[in-house]
Amino acid sequence: MTSLYGVTRAELASELGSEPSFRLDQLWRGLWLENKKVLDITTLPAALRQRLHDAFPPTLEVVNEVASDQGATRKWVFRTATGSTIETVVMHYPERVTVCVSSQAGCAMGCTFCATGQAGFSGHLSVAEVIEQVMFAARAAEPARLSNVVFMGMGEPLENYRVTVEVLRRLHEFRGLSARHLTVSTVGVAPAIERLSREGLPLTLAVSLHAANDETRSQLVPLNDRYPLERLRRACATWRDVTGRRLSFEWALIDGVNDSETAAEELAAYARPLDAHVNLIPLNPTPGYLVRGSPPERVRAFHDALVMRGLNATVRQTRGRSIAAACGQLAAVSRPTKRTLSVRVGA
Ligand code: SAH
Ligand code: SF4
């Protein structure tokens with residue numbers, strides 16, 4: 001059983017059977033460009049809408065919605081057909097609207113500082129389930145236009161490789177999103193990065209680095225034991241050489257763990273030859289990891305240390321902390337709603 005976003009155009013054509021061929025265009029346009037649920041595509045006869053809805057019912061059901069930043073950040077909890085819960089976050093900025101999608105229910109990678117990693121893995125999402133998150137967010141964002149999709153929600157997208165690639169292909173071909181609007185964040189599955197670089201897809205790759213020495217990185221990101229920094233470096237070089245595109249490294253700044261002068265030096269030495277951009281994220285609090293994020297002055301000092309060494313670095317604004325919607329906080333469990341002050345660090 002899949003939804004209308006899980007089937008190809010050819011499959012829809014065969015479902016439409018003897019309907020005139022313009023019906024397929026109307027359906028396609030309504031679904032992909034006008035963000036409509038099939039029952040609301042009023043150019044189609046009501047009976048046909050109902051038939052399509054019954055044949056391909058939506059796979060996600062909303063179970064909760066919360067908002068923060070005066071409504072500029074919203075998070076939804078969805079239940080999947082298999083009964084898992086996943087989370088999706090949409091963020092409105094003056095010049096863009098970004099949806100952060102989940103690629104898996106939970107995650108098996110076990111990064112110590114990440115709420116999703118702390119909760120463990122409960123299943124892969126399907127193509128329909130990932131695209132439905134995007135389309136749900138696109139509807140909710142109206143009248144603003146959803147412009148960006150980032151795979152930075154729950155799960156490791158390159159562990160759900162075929163689905164991730166198919167979703168990217170459809171978002172590119174059917175919604176016209178390109179590299180500046182599609183970002184995949186990976187914890188560093190080196191062979192999958194190499195494979196992805198050869199798919200010919202327009203996208204931006206973000207690699208979650210967090211440490212540029214193997215000892216610290218293995219403590220934060222267990223996958224580093226399998227693909228240590230040197231192996232990851234080769235994969236990143238392949239990405240750059242094959243796609244001709246710059247990649248970015250994500251670095252969650254953790255107090256006393258990876259925010260020293262030495263850490264900045266190691267990062268600069270690793271990132272410079274790859275011509276990578278660095279995105280600094282002050283660590284967001286999670287229940288299972290007691291170390292704090294770096295204080296704002298350390299974040300600034302770390303940023304300046306990178307810039308002094310010739311790196312292109314930015315500090316990501318924190319969004320949605322008070323509703324546990326910020327990076328690394330998605331675990332699809334309700335927690336006590338203790339108010340957390342959202343600290344903004346100038347980007
Ligand atoms: N699995 C992928 C994508 C989802 S995580 C990955 O790891 O890249 C999205 C981003 O949030 C990653 O860069 C991740 O390192 C970061 N992140 C995880 N926990 C965090 C936390 N507590 N604070 C800040 N960023 C965090
Ligand atoms: Fe999984 Fe990414 Fe969280 Fe690591 S940081 S546990 S890879 S979601």
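First listed ligand is number 1; within each ligand, the first listed atom is number 1.
- Two residues are said to be in side-chain contact when any heavy atoms from C-beta on lie closer than 4.5 Å; Leu33 and Trp28 fail this criterion.
- Contact analysis leaves Cys111 out of contact with ligand 1, as no non-hydrogen atom separation drops below 4.0 angstrom.
- Residue contacts with ligand 1 for Gln329 are absent, since no atom lies close enough (heavy atoms, distance under 4.0 Å).
- Contacts of Thr186 with ligand 1, taken as heavy-atom pairs under 4.0 Å, involve the backbone alone.
- Close approach to Gly155 involves these atoms of ligand 1, each under 4.0 Å from a residue heavy atom: 1 (N), 2 (C), 3 (C), 4 (C).
- Considering backbone and side-chain N/O of Phe113, one or more are found under 3.5 Å from N/O of ligand 1.
- Contacts with ligand 1 closer than 4.0 Å are made by side-chain heavy atoms of Glu250 only, the backbone lying farther away.
- Not close to ligand 1: Tyr289, with no non-hydrogen atom less than 4.0 angstrom away.
- In terms of protein heavy-atom proximity, atom 19 (N) of ligand 1 is nearest to Gly328 CA, 3.0 Å.
- Here Tyr5 and Phe56 keep their ring centres 6.0 angstrom or further from each other.
- Residue-to-ligand polar distances keep Thr286 apart from ligand 1: every N/O pair is separated by 3.5 Å or more.
- Listed by chain and number, Cys111 SG are the protein N/O/S atoms closer than 2.8 Å to atom 4 (Fe) of ligand 2, with waters left out.
- The shortest heavy-atom distance from Ala326 to ligand 1 is not under 4.0 Å.
- Ser197 contributes a side-chain N or O that, together with a main-chain N or O of Glu194, makes up a donor-acceptor pair within less than 3.5 Å.
- Among all protein heavy atoms, the one lying closest to atom 23 (N) of ligand 1 is Asn284 N, 2.8 Å.
- In terms of protein heavy atoms, atom 2 (Fe) of ligand 2 is closest to Gly155 O, 4.5 Å.
- For an aromatic pair to be called close, the ring centres must be under 6.0 Å apart, and His210 with Phe113 satisfies this.
- Rounding to the nearest 0.5 angstrom, the gap separating the CD1 atom in Ile41 from the NE2 atom in His53 is 12.0 Å.
- Which parts of ligand 1 touch Phe151 is read off a 4.0 Å heavy-atom cut-off, strictly below it: atoms 3 (C).
- In summary, the side chains of Glu250 and Ser185 do present a donor paired with an acceptor at a separation below 3.5 Å, with no hydrogens or angles considered.
- The CD atom of Glu215 sits 12.0 Å away from atom CG of Leu229, with the distance rounded to the nearest 0.5 Å.
- Atom 7 (O) of ligand 1 has Ser208 OG, 3.6 Å as its closest protein atom, hydrogens excluded (heavy atom only).
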Inset, instruction - Begin with the C-alpha distance, continue with both residues' side-chain angles, and end with the deciding distance and a verdict on side-chain hydrogen bond (donor to acceptor under 3.5 Å, both in side chains) for Asn35 and Arg145. - result: CA-CA 10 Å; Asn35 314 329; Arg145 199 177 60 84; over 6 Å; no
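- What sits closest to atom 4 (C) of ligand 1 on the protein, heavy atoms only, is Gly153 O, 3.2 Å.
- One finds the OG atom of Ser103 at 13.5 Å from the OH atom of Tyr161 (value rounded to the nearest 0.5 Å).
- Looking only at distances, no side-chain donor or acceptor of Glu156 sits under 3.5 Å from a matching main-chain atom of Ala108.
- Taking the ring axis of Tyr93 as reference, the NZ or CZ atom of Arg96 stays within 45° of it and closer than 6.0 Å to the ring centre.
- In this structure a side-chain-to-backbone donor-acceptor pair under 3.5 Å is missing from Glu166 to Val127.
- Residue contact check for ligand 1: Met109 places no non-hydrogen atom closer than 4.0 Å to it.
- The closest protein non-hydrogen atom to atom 3 (C) of ligand 1 is Ser185 O, 3.4 Å.
- By the 4.5 Å heavy-atom criterion applied to side chains, Glu132 and Ser3 are counted as neighbours.
- Checked by atom type and distance alone, the side chain of Ser102 never pairs as donor or acceptor with a backbone atom of Gln104 at under 3.5 Å.
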Legend entry - Residues Asn312, His277; criterion side-chain hydrogen bond (donor to acceptor under 3.5 Å, both in side chains); working and verdict: CA-CA 5 Å; Asn312 191 318; His277 176 97; 2.9 Å; yes
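- Among all protein heavy atoms, the one lying closest to atom 11 (O) of ligand 1 is Cys327 CB, 3.6 Å.
- Defined by atom type and a distance below 3.5 Å, a donor-acceptor pair is present between the side-chain atoms of Glu11 and Thr8.
- Not one N or O of Ala252 is nearer than 3.5 Å to an N or O of ligand 1, by distance alone.
- With hydrogens left out, the protein atom closest to atom 9 (C) of ligand 1 is Met152 O, 3.5 Å, a heavy atom.
- Here the protein heavy atom with the shortest distance to atom 15 (O) of ligand 1 is His210 NE2, 2.6 Å.
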